[in-house]
Structures are given as structure tokens and as C-alpha cells.
S.K.: 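First the structure, which I've put down as C-alpha cells, then a few questions once you've had a look.
These numbers come from the heavy atoms of this one structure, side chains and all, not from hydrogens, waters or symmetry mates. Proteins get letters first, then strands, A, B, ... in listed order; numbering begins at 1 in each.
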Amino acid sequence: MSILVIAEHDNANLKPATLNTVAAAKELNGEVHLLISGNSCQSVADEASGVEGISKILISDNAAYENHLAESTANLIKSVASNYSHILAAATTFGKNVLPRLSALLDVQQISEITEIVSEDTFKRPIYAGSCIATVKSNDSIKVITVRATAFDPVNSSGGSASIENIDADNISDLTSFVGEEIAQSDRPELTAASIVISGGRGMQSGDNFHLLEAIADKLGAAVGASRAAVDAGFVPNDYQVGQTGKIVAPDLYIAVGISGAIQHLAGMKDSKVIVAINKDEDAPIFQVADYGLVADLFNALPELSEQL
Amino acid sequence: MKILVPIKRVVDYNVKVRPLGDQSDVDLNNVKMAMNPFCEIAVEEAVRLKEAGTATEVVAVTVGKSDSQEQLRTALALGADRAILAETDSLLEPLAIAKVLSKVIEEESPKLVILGKQAIDGDNNQTGQMLAAMLNYSQATFASEVIIDEDSASVTREIDGGLQTIKVSLPAIITTDLRLNEPRYASLPNIMKAKKKELDVKPIEEMGVDINNRMELLSVELPASRQEGIKVESVEDLVSKLKEEAKVIS
Ligand SMILES: Cc1cc2nc3c(=O)[nH]c(=O)nc-3n(C[C@H](O)[C@H](O)[C@H](O)COP(=O)(O)OP(=O)(O)OC[C@H]3O[C@@H](n4cnc5c(N)ncnc54)[C@H](O)[C@@H]3O)c2cc1C
């Protein structure tokens, strides 16, 4: 049997998490196919046909798929599902929205956010905000899976030569319609793909003070993140949130500034290669996971750090 | 308009959960239990819609053991009008929970169902979406703002890139994100009043739903632990360690 990966894209480019998901699919036995549904998204198929490890691309190009709404997208995936042993998507807000809907349409129990493939039917996944790792075996005939991107190194975006096949739209739903979007624009790397992330917490005191982090981020080519407390306080927008219920990051370097280190925050960053914590409270739990801890007032430490880089 | 709010009893979010000695499951002996935080947000949203005159009745429902009545009472104290416990001693997976909930929804026919986007025990983030599929309802997940019109709702969703607004036709399933609202605390008089509110207990066995689990839990272990780090004395020290020892900046 073959394995189907659901592509995530913006009708122009593939999202990086798709490459990590293909990597997970390659660990299973079988050809890997990629499903692209979107509107005027031929360029995505062209890009994807070069991705390593994919043998076939299915593309369904239809105005109804422009905004990747869950209802129609799940119906479309269902129309091809019986050809596959596994259906995978990244555990992003797109994958989390669509795949459980698909899974119920197929009457299977989805396996969420896997971090390791043990065998065809057995997977590891974090539970309780990553406090524990569960090994679970699925007895469903089709395995519907979301993949934690940071747990799988991405495949190469070149070197592949997949064929492209058009498939018809199926069972388009009008239950939901798209109204609008506010997508953050930034010249900095995307949080989940950046090799360095610098995050601020409640200790930053205001959104204005985030410029202290931004100055450092620009010198390091880093992305800027935040704790929930900083987002809730309105310092920065929601797409900055790192944690159990925000984004999962695992960069080479993660710098936590004015963040106490609640388990829900650690859940989103503790697999980073090197962790630095800057906090004025020497007992802050963040120091328990930090490779390098600096007990200092951030308002002194950050300008100094910026200067020395 | 009737609103149904499915909720879940979970380990309190402050508890650090550990595996059992034999690694067969997590150790939930003597840990503090509470309503899942996302469910509190769902209850709050429903109650606010009632206070605003948009909703006429708020029904809290849960699928679980008898002790889940405690969380239903909390929902009643927060302002739900009545509660339903679909009772079972088995530990159900999200698919089975969604099947039981869809039965309840068929009986209650609410116009809106609001539930948490995920429960902080299994972190699955599935039940709402599954429920929407089973009922062929529209879904609006990860909501940070909900505006109800006549036959539709306009919902702003927290997505990876920012915010997205969609319009869902009613009946619909909405799942809550953290910033939808800040839940209130139950006042003592309301906790007392909640004791007298109606709480129906329905054994799951009588519902005719396939609740068989599709997954087996083989083991639960601790994640790989990190090597203990060090404290640096100064920013200068930090920068040199990052350059020379960790080699993560140049
Ligand atoms: C269901 C649920 C889901 C959650 N999901 C997430 C999530 O995804 N991500 C997340 O981050 N949180 C999440 N949380 C919240 C989490 O529990 C914590 O409340 C939050 O992470 C705290 O943020 P913080 O560390 O910025 O704030 P605080 O805990 O208030 O810590 C602020 C820190 O800043 C330090 N500080 C203050 N001033 C200075 C200064 N001048 N110089 C240096 N240090 C200073 C303090 O010593 C303190 O350690 C969730 C909670 C729940 C209940």
C-alpha cells in the first residue's frame, strides 16, 4: 500500500512542515504520494514534484479549495483514502483542523502529533504537555496521523521526480465560507523553521520592549517568539506563542528571556539543541532545562548582549 | 438558541504527571483533577451568550465516570442550566467520545456546540472536528472571537500565520482557543445553587454506540532528560560559551 501526505501550502509555495511530514512518511513501507488541494496551485505541484521521496502528486485545483477549509478538504481526502495505508499531515493548525474531521469520516481513531515511528502501526507521541511519552499501537486499517514536524528532519526539496496527476474535486461543502485573514508579515525567519529563536515572556513588561529582542534577532537571523503570558497581555500577536498549545519549536539555539518556564511553555521548546535562559529569579524553573543560564535583569542584559554580537 | 457544551475532567494543569512504575500508563493516583482549561473557556463563552440574550439555554455534557459529576457541577456553578453525564467506566478515545456526544446532540438538537480545542491530558485536539464530521456540521476550530448572527456565526480562528475569520452556518461546532475569553470563578452562592440544578445520568450502554477502542497503549515513559546546564556569570561569558563551546553562533 501507499502512503498519502497532505501538502500544506498557500497556493504559491509549499510550507516547510510538509517536507518533515514526507520524511516521516518515508520511514513507512510504501510509495509516498502527496495531495495538493488549492486554487491556481499548479506552481505548488511543480515545486513539490522536485521534493525527494515523493513518487506521485495528486492535485485538485478548484476555487473551493482556495482557503483550505476543513469541510471540503476532508471530503476530498476521503475520496482517495481507500488507496492508502497511512494518511499523514503536519500537526500545524491546518493539519489539526482537517485530519480529525477526515478521521471521523473514515471511522478511524487518529494518532495525533507523533514524534517517532516505531513500526507500521506503532508510534510515539507526547502526552500531558510532553511530561510523558506514550507508545501507542493503532488497530485501524487506515492510519490517520498528524506529525510533529520538529521530530523529523526534512527531506531535500530537490532531487525528486514525481509524476503529477489531476483529480476531481469531490463533495464540495458550502457549510463554511472564508471571510478574511490577517497574516503576520515579517522579514524574519518563520518561528518553526528558524535555527535560532529568541522569546520573551511577561518579564518583557510591554510590546514596545520587544524591540530589545528584535535587535538581537536581527543580528542573529533569529525568529522572535513569546510565552502565553506575553501574548495574553497583548505584547505580541498570537502567532508568536510557543508551547503546548502554541507552536512547537526545536531550533539549534533557543533564548528564553523573562520567561519562568511553566511546563506548558517547556512543551514547546525543550527539544531545542541549546537553551539559554535570562531571568532575574535564580529559582525560575526555566533554569532546569537551560544549558546556559544567566541570572540578570533583562533590561541590562539584552542591550549588552546586542552590543556584543 | 440552545448551546451544548461538552466538557472533560482532566488532571489539573499544575500537576506534573509521571509514568507508573511499570510504565503501563500515567500515574493518576491521588492527583488533583479539574475541568480542562479549554472547557472552562467554552462554558464561559456559552454563559456570556446567554447573558447577552443570544442563547436561551446552556447544557453541559460529559462522557466519563461517575466522578465527572464534580466538573459538571462546576459548569452549573459557572452558569450552565443543566447537565448530562453519559456514564461509563471505560476510558474512551476521542472517536468514541465524539460518537457518544453526537447521540446526545441528536437528542438535544442544540443550535451551537462549543467545546475546548484540546484536553490537556491526551493533547489530541480531535473531538470537536470529529463531532462536526459525524453530524455533517460546519466547524470553526481554535476560536478567539465568536459573533452569532441569525443562522450563522462569524468566528475568528488562531492559525499558525495569524488570524483567520470564517463564517459557519448553524448548527455548528466551535472549539475554543486560549484567548476567546477569561473564564470567571464560581461564586459561593452559585456553587450552592448549582447543587439543585438538574443533572441527568445516562449509562452509555443504553445509547447503542460503538465505543470500542482502536488503539492500544503499549507503554508510557519519561521523555529523554536534558543534561544539566550551567550558570554563566556575565553576558560576555554567555557570548563566549555560545561561540566557542556550543558553537551555535559565530
Ligand atoms: C491550558 C493551558 C495552556 C497553556 N499553553 C501555553 C503555551 O502554549 N505556551 C506558554 O508559554 N504558556 C502556556 N500556558 C501558560 C503557562 O502555564 C504560564 O502561565 C506561562 O507560560 C507563563 O508565561 P511567562 O513565563 O512569560 O510568565 P511568568 O510565569 O509570569 O514569568 C515571568 C518571568 O519573568 C521574570 N522576570 C520578570 N521581570 C524580569 C526582568 N526585569 N529581568 C529578567 N527576568 C524577569 C520573572 O522572574 C519570571 O520568571 C498555558 C496554560 C494553560 C492552563
S.K.: When only pairs under 4.5 Å are counted, which of B:K117, B:E93, B:R179 shares the most heavy-atom pairs with chain A?
M.R.: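 The option with the most such pairs is B:R179.
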S.K.: Give me the atom names and distance for the closest heavy-atom approach of B:D123 to A:Q244.
M.R.: OD1-NE2, 2.9 Å
S.K.: For each of A:I127, A:T245, A:L253, tally heavy-atom pairs with chain B at distances under 4.5 Å, and name the one with the top tally.
M.R.: A:T245
S.K.: Quick check: closest heavy atoms across A:V108 and B:M130, and the distance to 0.1 Å?
M.R.: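 Shortest heavy-atom separation between A:V108 and B:M130 comes out as O-CE, 3.9 Å.
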S.K.: Please rank A:R125, A:K15, A:E113, A:Q288 by heavy-atom pairs under 4.5 Å with chain B and give me the top one.
M.R.: A:R125
S.K.: Can B:K167 be said to sit on top of A:F178's aromatic six-ring, NZ or CZ under 6.0 Å from centre and within 45° of the ring axis?
M.R.: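 Output no; distance or angle outside limits.
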S.K.: Write down the atom of A:A104, the atom of B:A133, and the distance for their closest heavy-atom approach.
M.R.: CB-CB, 3.8 Å
S.K.: Who wins among A:L309, A:D232, A:I133, A:D10 for the most heavy-atom pairs under 4.5 Å with chain B?
M.R.: A:I133
S.K.: Give a yes or no answer on whether the side chain of B:Q139 reaches the backbone of A:E71 with a donor-acceptor pair at less than 3.5 Å.
M.R.: no
S.K.: Select, from B:T175, B:N14, B:L170, B:N136, the one with the greatest count of heavy-atom pairs under 4.5 Å involving chain A.
M.R.: B:N136
S.K.: Mark yes or no for whether B:S169, through its side chain, and A:L175, through its backbone, hold a donor-acceptor pair below 3.5 Å.
M.R.: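 Flag set: sc B:S169 to bb A:L175 pair under 3.5 Å.
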S.K.: Please identify, among B:Q23, B:E221, B:Q118, B:Q227, the residue contributing the most non-hydrogen atom pairs under 4.5 Å to chain A.
M.R.: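 Option with the top pair count is B:E221.
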S.K.: Mark yes or no for whether A:R101, through its side chain, and B:L131, through its backbone, hold a donor-acceptor pair below 3.5 Å.
M.R.: no
S.K.: Is any side-chain heavy atom of A:S138 closer than 4.5 Å to a side-chain heavy atom of B:E216?
M.R.: no
